[in-house]
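Okay, so here's the structure we're looking at.
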Amino acid sequence: VLTAAHCIHSGTIYGRAYRDFKVLPGRNLGASPFGVCRARRAHVLAGWTSALTEIEARGYDLGALKLDCMVGEDTGWLGVAAPDPAQAGQTLIVHGYTSDRAPFGRQWVSEDRLRLLSNLKGFHKADTFGGTRGSPVYIAAEGTTLIGVHTNGVHGVVAPWSRHNAFKRITPARIERLAQWIGE
């Protein structure tokens with residue numbers, strides 16, 4: 001399960017790892033059609049736990065959980081790909097369990113366009129809120145290929161952070177790291 005590192009570890013050298021993860025694939029309100037899985041292993045990018053500050057860490061907010069079940073055989077998988085700068089302006093979709101909408105526990109879908117890509121982040125204005133972090137981000141026209149993981153909403157006073165939501169961008173190096181995590 002690809003997610004944000006801050007869903008797995010609090011970040012920086014001063015942070016701590018979280019434990020006892022439960023994953024409910026396909027959860028919708030009270031229904032868990034694929035049961036409950038637990039994490040056998042948790043991974044985060046090294047920069048997330050070696051950073052001295054939160055600002056330094058935010059370029060590394062990517063992690064993954066290796067599950068104790070084979071739920072992907074029932075649900076299928078999303079692919080991952082590095083977004084191309086030429087995709088800027090295309091419709092982007094974020095799926096997540098936002099905490100500001102009722103009923104609680106329903107998966108919501110929000111879309112906007114891919115507004116900006118930096119080396120490690122992508123920016124959008126899709127409607128997100130707490131609970132959406134760690135959610136998949138993909139280009140609508142390529143609906144089964146993840147290009148990032150939603151990490152944060154608008155914050156700070158410096159653009160683009162002050163005007164856009166952000167996601168951790170998948171890069172070729174990150175795809176290699178994911179492959180290593182899967183193999184462990």
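Every value quoted in this text rests on a predicted model; they were computed, and no experiment measured them.
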Test of ring centre spacing under 6.0 Å for His150 and His95: no
Parallel, tilted or perpendicular: rings of Trp48 and His6 (30°, 60°): tilted
Residue pair His124 / Asp112, side-chain donor-acceptor N/O under 3.5 Å: no
Taking the side chain as every heavy atom from C-beta outward, state whether [X] and [Y] have any pair of such atoms under 4.5 Å apart.
| X | Y | result |
| --- | --- | --- |
| Asn165 | Phe123 | no |
| Arg174 | Tyr60 | yes |
| Arg58 | Glu56 | no |

Shortest non-hydrogen contact from Ala5 toward Val44: CB-CG1, 3.7 Å
Nearest heavy-atom neighbours spanning Val80 and Thr145: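 In this case the closest contact between Val80 and Thr145 is C-CG2, 3.9 Å.
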Salt-bridge present (Arg41, Glu184; N to O < 4.0 Å): yes
Distance in Å, Lys168 NZ paired with Ile147 CD1, rounded so as to fall on 0.5 Å steps: 12.5 Å
Within 6.0 angstrom of Ile55 CD1, more than 12 heavy atoms from elsewhere: no
Gln90, CD atom: more than 12 neighbouring heavy atoms under 6.0 Å: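 Yes, the 6.0 Å shell around CD holds more than 12 heavy atoms from other groups.
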